[in-house]
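Heads up: numbering here begins at 1 and tracks the sequence. Predicted, not measured: the structure shown is a model, and the values here were computed from it.
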Amino acid sequence: MSTAAVRPATTGDASEIARLQLTTWRTAYGDALGGDVVDGLDADDVAARWADAVAHPDTDVLVATEGRFTVGFCVAGTAPESEVAAADGSLPDDAARTGLIASLVVEPRWGRRGHGGRLLAAAAAGLRERGADRGIAWVVQSDSASLSFFRGVGWNPDGTVRTLDTGQRTVRELRLTGSLDLRVADPAAEPATD
């Protein structure tokens, strides 16, 4: 048995976060985004952007580990008005108390081992400390695994969609929302099988 844990990322994690992002995007989103989009990303540039994100005071970047391996990451912070607004631009009454899960990635080979749940629970706890009581996340409509994961913790589409242009394809995303009152038995350390 090895130990699974979630901890705040450091700038030293930036290269590994970039590797996880690029590997997962190629595996899970290559068709949706267009292969050239992911292949055109420079690993060093992506790592530098992650180092900046980790150092940003208004963003929580967390990493999931299993034993000595970094297996996933999550980025969370207060939701910008543009992310929480309705399609007509109006803001809900709780806009200032809404957190954003900007990214939640677990490398596919480490999936179904509880890492996503531990990451989301830790991010939710951080958002609650910032005063948020509701969360949102944008998920690619064709990503059935992520949609199933979020629905499993009680987050559901709120009817708002957006379309992103990758330069090669258009990607439709659904906005999901749910409570930040999420718990895992012990989000800091939970056994996982080797």
So, taking the atom named [atom1] in [X] and the one named [atom2] in [Y], what distance separates them when rounded to the nearest 0.5 Å?
{"X": "C74", "Y": "I17", "atom1": "SG", "atom2": "CD1", "value": "10.5 Å"}
{"X": "L180", "Y": "R128", "atom1": "CG", "atom2": "CZ", "value": "7.0 Å"}
{"X": "E16", "Y": "T10", "atom1": "CD", "atom2": "OG1", "value": "11.5 Å"}
{"X": "N156", "Y": "L176", "atom1": "CG", "atom2": "CG", "value": "7.5 Å"}
{"X": "T78", "Y": "E83", "atom1": "OG1", "atom2": "CD", "value": "12.5 Å"}
{"X": "H115", "Y": "E107", "atom1": "NE2", "atom2": "CD", "value": "10.5 Å"}

Within [range] or reaching into it, pairs that qualify as salt bridge (Lys or Arg N to Asp or Glu O under 4.0 Å) - sequence neighbours excluded:
{"range": "residues 150-160", "result": "D158-R175"}
{"range": "residues 68-78", "result": "none"}
{"range": "residues 50-62", "result": "D60-R130"}

[X] side chain to [Y] main-chain N or O, any donor-acceptor pair under 3.5 Å?
{"X": "W155", "Y": "S179", "answer": "yes"}
{"X": "S90", "Y": "A86", "answer": "no"}
{"X": "T24", "Y": "L20", "answer": "yes"}
{"X": "T177", "Y": "G135", "answer": "yes"}

Heavy-atom check, side chain of [X] versus side chain of [Y], under 4.5 Å:
{"X": "V140", "Y": "S146", "value": "no"}
{"X": "F149", "Y": "L104", "value": "yes"}
{"X": "V75", "Y": "H56", "value": "no"}
{"X": "R134", "Y": "P92", "value": "yes"}

Notebook entry, point to check: Is the count of non-hydrogen atoms from other residues, nucleotides or ligands lying under 6.0 Å from D93 atom CG greater than 12?
Noted result: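 At most 12 heavy atoms, drawn from other residues, nucleotides or ligands, come within 6.0 Å of this atom.
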
Note to self: Which heavy atom of V63 sits nearest to which heavy atom of A9, and what is that distance?
What the structure shows: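 Nearest pair, atom of V63 first, then A9: CG1-CB, 3.9 Å.
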
